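In this text the structure is predicted, and so the values were computed from the model without any measurement. Throughout, residue positions are numbered sequentially from 1 according to the sequence presented. Whatever order the structure lists them in is the order used to number ligands and atoms, beginning at 1.
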Amino acid sequence: MDQYIIKGGVPLKGEVTISGAKNAALGILAAAIMSDEDILIENLPDVKDINVMLEAISEIGAKVDRIDRHTVRISGKDIEEISVDDEYIRRIRASYYFIGALLGKYRHARVPLPGGCNIGSRPIDQHIKGFKALGAEVRIENGTVTADAERLRAAHIYFDVVSVGATINVMMAAVMAEGRTIIENAAKEPHIVDVANFLNSMGADIRGAGTDTIRIRGVERLHGTEYAIIPDQIEAGTFMCMAAATRGDVLIKNVIPKHLEAITAKLIEMGNEVEEYDEAVRVIGAERQRHTDIKTLPYPGFPTDMQPQMAVALSLSEGTSMVTESIFENRFKYVDELSRMGGNIKVEGNVAVVDGIEHFSGAPVSAPDLRAGAALVIAGLAAEGYTTVDEIGYIQRGYENFEDKISALGGLIELVSSDREASRFKLRVVG
Ligand code: EPZ
C-alpha cells in the first residue's frame with residue numbers, strides 16, 4: 001500500500017532541478033522508431049509512463065539500449081511487428097502515437113484503441129481524420145485501430161478541435177508522405193515544437209510547429225540523430241505552486257521561463273513574487289494568496305495540467321476564485337478529496353467556485369489521477385497536521401523522484417509502505 005505521508009506547515013526553501021518533459025518524450029520515443037539508424041535521446045524523465053513506452057518499443061522489435069536513467073539509444077531497423085500489444089495501450093494512452101509512427105514509416109499500423117481515463121472521454125476522431133486525409137484506410141474493429149495505406153500523400157488537414165495528441169500523431173504520419181501537408185488549427189504546446197524539432201533533426205522538413213499552421217514537406221527517409229528533451233513545464237509549474245502554497249522561497253532550475261508565462265502571470269496576480277532568470281524561475285510565496293480566476297485553454301493559455309495544482313493555491317486565498325476547465329469534462333475529481341482537508345470548492349458543470357480558507361487540515365486522501373495527485377501533495381505540504389496520499393502510482397507516472405525533490409526543499413514527506421513506516425515517520429518529524 002505505497003502512500004505518501006506528509007507533515008505540513010513547513011515553507012519549502014532551496015533549489016529544485018526539473019526533469020525532461022514527459023509529454024514531449026512520449027511523442028519523441030514513438031517518432032524515434034521511424035528511423036533505421038541509431039537515435040540517442042537524452043534528458044528523458046525517469047517516470048513510469050516513459051518506462052512503459054520503452055517496453056512497448058522493444059516489444060515491437062526495435063533495439064532499446066537504456067544507457068542510464070535519462071538516456072536511451074533506439075534503433076527501429078529490426079522492427080517486425082506493426083501491431084502494438086493491448087497491454088501497453090491499457091497502461092498508457094500515449095501508445096496511440098505508434099499509429100502515426102508505424103503508419104508513417106511502414107504504411108501499416110494496428111494499435112488497440114486507448115480507453116478514456118478519469119479526466120474525460122478522450123476520443124481520437126481527429127487523429128483518424130488526419131490519417132484518412134493522408135490516404136490511409138482506417139478501421140476500428142474489436143477495440144483495435146487498423147490503419148493501412150498503399151501510399152501516403154500530402155493533404156490539407158483542418159482539426160475541428162485543438163488536440164496535442166492528434167497534432168503529434170498526424171505530424172508523424174505526414175513526414176514521409178508524398179508532397180506538402182498542411183495542418184491547420186494545430187496545437188502549439190512546447191512539446192509539439194520539441195517533437196517537430198526532433199523529427200527535423202532526423203531529416204524531416206516541418207515548419208511552423210508552435211503556431212496553429214504546420215507545413216510538412218514529405219521526405220524519403222529519416223536518419224539517426226542525438227537529441228535532448230526540453231524541461232517539463234508542468235513539473236516546473238507544480239513546484240511553483242508548491243512554493244506559493246507553502247509560503248516558501250524556491251529556485252526552480254532547468255526550465256524555459258517562456259513556457260511558464262501563463263503560470264507566472266497567475267501566481268503574480270495572486271500576490272506571489274516570481275523572478276525570471278535565463279534557465280530558472282524563483283518563486284517567493286505570499287503570506288496570504290489573493291483570489292483570481294483561471295480558465296484552462298490550449299497553449300499559450302493556462303494549461304489544463306496545472307488546473308488542480310492552482311486550485312489548491314487558490315483555496316488558500318482570502319476571497320472567491322472561479323476555475324473554468326474548458327479542455328476536459330471531468331477534471332475536478334480532486335475537489336471531494338480536498339473537502340476532506342477543509343477545502344471549500346463547489347463544482348457547477350465545468351466551473352469550480354473556490355472559496356478561500358485560512359489553511360488546510362491534514363487528512364487521509366487518495367489521488368484520482370496524475371495532476372490531481374500532485375495537487376493533493378501540495379495541499380498536504382501546506383496543511384496543518386498529517387496527510388496521507390494513496391494511489392501514488394498515478395503521481396509516479398509523471399513526476400520523477402517527487403518525494404525526494406520535495407524533501408530536498410525541506411518538505412516533510414516520505415513514501416511509506418506500512419503503518420509501521422508511517423509511525424516511524426511521525427516519530428522522526430515530531431516537534
Ligand atoms: C495531452 O493529452 C497530454 N497527454 C495531457 O496531459 C494534456 O492534458 C492534454 O494533451 C492537453 O494539453 C500527453 O501528451 C501524453 P488533447 P491529449 O488531444 O493529447 C479533445 C498529463 O497530465 N479531443 O490535446 O490526449 C479531447 O477530448 C496529461 O500529463 C477530441 O475531441 O489531449 C480534449 O477535450 C493529462 N478528439 C481536447 O481535445 C481527438 O481526436 C484536448 O485533448 C483528440 C482530442
Inset, instruction - Consider every N or O of Asn23 and every N or O of ligand 1, then say whether any pair is closer than 3.5 Å. - result: yes

Inset, instruction - Looking only at protein heavy atoms, identify the closest one to atom 18 (O) of ligand 1 and say how far it is in Å. - result: Ser163 OG, 2.7 Å

Inset, instruction - Select one of side chain, backbone, both or neither to describe which atoms of His127 lie under 4.0 Å from any atom of ligand 1, heavy atoms only. - result: both

Inset, instruction - Measure up the His259 and Tyr299 rings against each other and bin them: parallel (under 30°), tilted (30 to 60°), perpendicular (over 60°). - result: perpendicular

Legend entry - Gap between atom CG of Asp85 and atom CZ of Arg91 - 0.5 Å precision: 10.0 Å

Inset, instruction - Could you tell me the residue and atom name of the protein heavy atom closest to atom 19 (O) of ligand 1, and the distance to it rounded to 0.1 Å? - result: Gly165 N, 2.8 Å

Inset, instruction - Flag yes if more than 12 heavy atoms outside Glu80 fall under 6.0 Å of its CD atom; otherwise flag no. - result: yes

Inset, instruction - Check Ala166 against ligand 1 and report side chain, backbone, both or neither, counting heavy atoms closer than 4.0 Å. - result: neither

Inset, instruction - Would you check whether Phe328 has a nitrogen or oxygen atom less than 3.5 angstrom from a nitrogen or oxygen atom of ligand 1? - result: no

Inset, instruction - Decide, yes or no, whether a salt bridge links Asp205 with Arg180 under the criterion of side-chain N to carboxylate O below 4.0 Å. - result: no

Legend entry - Under 3.5 Å side-chain donor-acceptor pair for Tyr334 and Gln307: yes

Inset, instruction - Using a strict 4.0 Å threshold on nitrogen-to-oxygen distance, state whether Arg90 and Glu87 make a salt bridge. - result: no

Inset, instruction - Answer with yes or no whether the side chains of Asp232 and Ser19 bring together a donor and an acceptor at under 3.5 Å. - result: no

Inset, instruction - Quick one: look at Phe159 and ligand 1, take heavy-atom pairs under 4.0 Å, and tell me if it's side chain, backbone, both or neither. - result: neither

Legend entry - Closest approach of any protein heavy atom to atom 2 (O) of ligand 1, naming residue and atom: Arg122 NH2, 3.1 Å

Inset, instruction - Say whether Glu329, considering both its backbone and side-chain N or O atoms, lies within less than 3.5 Å of an N or O atom on ligand 1. - result: no

Inset, instruction - Name the closest protein heavy atom to atom 27 (O) of ligand 1, giving the residue it belongs to and the distance to 0.1 Å. - result: Pro123 CD, 3.3 Å

Inset, instruction - Using a strict 4.0 Å threshold on nitrogen-to-oxygen distance, state whether Arg221 and Glu37 make a salt bridge. - result: yes

Inset, instruction - Examine the proximity of ligand 1 to Ile119 and report which part, side chain or backbone, both or neither, has a heavy atom under 4.0 Å away. - result: side chain

Inset, instruction - Look at Arg340 together with Asp336 and state whether they make a salt bridge at an N to O cut-off of under 4.0 Å. - result: no

Inset, instruction - Before signing off on this row, confirm whether Lys22 and ligand 1 have an N or O atom pair separated by under 3.5 Å. - result: yes

Inset, instruction - Give the contacting part of Arg331 toward ligand 1: side chain, backbone, both or neither, where contact means a heavy-atom distance below 4.0 Å. - result: side chain

Legend entry - Interatomic spacing from CZ in Arg331 to CD1 in Ile119 - rounded to 0.5 Å: 4.0 Å

Inset, instruction - May I ask you to identify the nearest protein heavy atom to atom 40 (O) of ligand 1, giving residue, atom name and distance to one decimal place in Å? - result: Gln126 N, 2.8 Å

Inset, instruction - For atom CG of Asp160, decide whether the heavy atoms of other residues, nucleotides or ligands shown that lie under 6.0 angstrom number more than 12. - result: yes

Legend entry - Contacting atoms of ligand 1, where contact means under 4.0 angstrom from a heavy atom of Leu26: 15 (C)

Inset, instruction - Examine the proximity of ligand 1 to Asp125 and report which part, side chain or backbone, both or neither, has a heavy atom under 4.0 Å away. - result: both

Legend entry - Test of proximity, Tyr96 against ligand 1: N or O pairs below 3.5 Å: yes

Inset, instruction - Among all protein heavy atoms, pick out the one at the shortest distance from atom 34 (O) of ligand 1; state its residue, atom name and that distance to 0.1 Å. - result: Ile327 O, 2.5 Å

Legend entry - Electrostatic pair Asp148:Arg139 at N-O distance under 4.0 angstrom: yes

Legend entry - Contact atoms of ligand 1, heavy-atom distance to Thr304 under 4.0 Å: 8 (O), 11 (C)

Legend entry - Shortest protein contact, atom 38 (O) of ligand 1 (heavy atom only): Val161 CG1, 3.3 Å

Inset, instruction - Select one of side chain, backbone, both or neither to describe which atoms of Arg371 lie under 4.0 Å from any atom of ligand 1, heavy atoms only. - result: side chain

Legend entry - Val164 N/O under 3.5 Å from ligand 1 N/O: yes

Inset, instruction - May I ask you to identify, for Asp305, whether its side chain, its backbone, both or neither come under 4.0 Å of ligand 1 on a heavy-atom basis? - result: side chain

Legend entry - Asp404 versus Ser407, side-chain donor and acceptor atoms under 3.5 Å: no

Inset, instruction - Determine the minimum heavy-atom distance between Leu12 and Val250, stating which atoms define it. - result: O-CG2, 3.5 Å

